[in-house]
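The structure appears below as structure tokens.
Chain letters run A, B, ... following the sequence lines, proteins first, then strands; residues in each count from 1.
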Number of protein chains: 2
Amino acid sequence: MGVDIKTHIISRAEPVFDENGFAATGMDRLTQAAQVSSRTLYKHLGGKTELICAVLDARRQRFFDQLDVDSVDALFAALETWARTEGARGCFFLRAQGEMGGREPAVAAQVSNYRRELHERIARVLANDLGEAADGDLLDQILVLFEGATSMASYRGPAAFAAARSAAARLLNRTTGHANQ
Amino acid sequence: MGVDIKTHIISRAEPVFDENGFAATGMDRLTQAAQVSSRTLYKHLGGKTELICAVLDARRQRFFDQLDVDSVDALFAALETWARTEGARGCFFLRAQGEMGGREPAVAAQVSNYRRELHERIARVLANDLGEAADGDLLDQILVLFEGATSMASYRGPAAFAAARSAAARLLNRTTGHANQ
DNA sequence: GACGATGTAAAACGCTCGTTTTACATCGGT
DNA sequence: ACCGATGTAAAACGAGCGTTTTACATCGTC
């Protein structure tokens with residue numbers, strides 16, 4: 001077989017959840033998307049909750065693979081590229097948390113994984129950009145911009161990334177866009 | 001009667017949707033929360049979709065009533081106060097859009113109303129703060145910070161507002177928190 | 001004091017969901 | 001040639017959903 005069925009089902013399920021929501025997506029649409037029978041899906045994944053967790057795990061890895069950059073500016077550029085190719089419907093993990101996290105601890109755990117890795121990644125990129133470890137306040141500011149761009153992009157598109165990018169540059173004392181005094 | 005039943009049902013439904021999600025909340029929990037029979041709820045609201053729209057409308061009014069401020073700094077302070085009293089589970093309207101907006105145009109319309117008013121409000125506050133109308137780029141930067149603080153507060157709490165606030169001050173050339181150069 | 005409006009309580013309806021089960025096809029390895 | 005593993009197709013399940021309906025209580029008003 002080419003790729004194993006489990007990976008295939010997970011990758012086909014991801015855009016379906018992304019576009020239709022988690023709770024609102026029925027198992028029939030997932031089997032149809034993966035072109036497998038429901039029996040096969042249950043044999044390989046166990047159930048809907050486990051499938052959602054596997055999708056979250058796969059997306060996290062894919063997301064951070066694409067965000068493997070060296071500067072804050074490149075970080076927002078990579079985020080914009082992600083949104084352009086994958087679509088921007090608000091943070092996938094925040095939505096998963098809102099829809100399932102309260103009732104499914106396994107989903108909440110996956111969301112926590114994502115947030116921890118996001119924090120680490122921003123700290124790493126920022127340290128590399130500055131040449132030294134950034135203080136927590138600046139890190140939080142960049143994190144706010146990252147979250148904000150993700151949310152705002154769902155209804156304002158590329159303008160969200162442009163705004164986040166220029167704001168980050170100013171916070172790093174790299175004057176772009178607006179005059180600094 | 002004290003307040004009319006329709007308003008009562010709406011105000012009781014809001015925290016239930018906020019805490020359990022829209023799709024996942026059943027009508028029985030809403031009737032139970034409002035202490036009315038299902039027949040009364042349907043007579044006054046029409047159905048679940050109309051109830052959700054009414055809840056969104058009420059929340060928007062309440063939200064912007066509390067955000068009636070004169071400066072950007074006061075805007076983020078008011079947002080923090082809101083989060084402290086109402087809870088922070090991510091943007092209520094973004095979640096409504098993700099769960100129902102795709103299938104229910106009336107919900108999507110309410111979300112659009114909120115976003116338009118948010119944009120106007122930030123423009124007004126910013127103009128009042130600067131003494132002149134702000135350019136679109138700065139407005140978008142503040143909007144990113146607003147959205148980002150709302151999202152990030154759901155898992156980092158007050159740190160999100162502190163970060164957004166100090167970042168906004170720097171973008172407005174009011175150096176606080178970090179040294180400028 | 002009968003009446004209409006307005007409320008409750010609870011059963012029922014039709015639908016969809018996640019999941020399991022039944023019956024059958026395919027195919028590589030010994 | 002056959003067997004076990006692995007797949008499909010589709011029916012069936014129990015539960016929960018949004019909604020409607022039936023039956024009955026309450027109460028201000030003419």
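Between the CD1 atom of B:Ile9 and the C1' atom of C:dG7 there is a distance of 11 Å, given to the nearest Å. B:Arg103 has its CZ atom 14 Å from the C1' atom of D:dC17, to the nearest Å. In this structure, B:Phe22 places its CZ atom 18 Å from C1' of D:dC17, rounding to the nearest Å. Between the C1' atom of D:dT19 and the CZ atom of B:Arg29 lies a distance of 19 Å, rounded to the nearest Å. Distance NZ (A:Lys48) to C1' (C:dC17): 8 Å, rounded to an integer number of Å. As rounded to whole Å, 15 Å separates atom P of C:dC17 from atom CG of A:Leu41. In this structure, B:Tyr42 atom OH and D:dT22 atom C1' are separated by 17 Å, rounded to whole Å. As a whole-Å value, the separation of B:His8 NE2 from C:dT6 P is 18 Å.
A:Ser11 places a side-chain N or O within donor-acceptor distance of the main-chain N or O of A:His8, the cut-off being under 3.5 Å.
For D:dT6, neither phosphate oxygen OP1 nor OP2 lies less than 4.0 angstrom from any side-chain nitrogen or oxygen of A:His44.
For A:Phe92, the ring-ring contact (aromatic ring centres under 6.0 Å, His included) test picks out A:Phe22, with sequence neighbours left out. Taking the side chain to side chain contact (heavy atoms under 4.5 Å, CB included) definition, one finds that A:Ala13 meets it with A:Phe17, A:Leu30, A:Leu51, A:Val55, sequence neighbours left out.
With hydrogens and angles left out, the side-chain atoms of B:Tyr114 and B:Gln97 include no donor and acceptor closer than 3.5 Å. No side-chain N or O of B:Asp28 forms a donor-acceptor pair with one of B:Thr31 less than 3.5 Å apart.
Counting only heavy atoms from C-beta on, B:Ser38 has its side chain closest to C:dA10 among C:dT8, C:dA10, D:dC17. Of the candidates C:dT8, D:dT8, D:dG18, C:dT8 carries the atom nearest the B:Ser37 side chain, counting heavy atoms from C-beta on. Of all nucleotides listed (C:dT22, D:dA23, D:dG18), C:dT22 comes nearest to the side chain of A:Arg39. In this structure, of D:dG18, C:dG7, C:dG18, it is C:dG7 that holds the atom nearest to the side chain of B:Ile5. The side chain of B:Met27 approaches D:dT19 more closely than any other nucleotide in the set C:dT20, D:dT21, D:dT19.
Aromatic ring orientation, B:Phe63 versus B:Trp82: perpendicular (interplanar angle above 60°, classes split at 30° and 60°).
Side-chain contact check for B:Arg165 versus B:Glu80: some heavy-atom pair is nearer than 4.5 Å.
Counting non-hydrogen atoms under 4.0 angstrom, B:Thr25 reaches the backbone sugars and phosphates but no base.
Each of A:Asp28 and A:Gly46 was matched to the nucleotide of DNA chain C holding its nearest heavy atom; the match closer to the 5' end belongs to A:Asp28.
Near DNA chain D, defined here as any heavy-atom distance below 4.0 Å, there are no residues from residues 50-59 of chain A.
At a cut-off of 3.5 angstrom, counting only N and O atoms as typed in the model, there is no donor on one side facing an acceptor on the other between the side-chain of A:Thr40 and the base of D:dT8.
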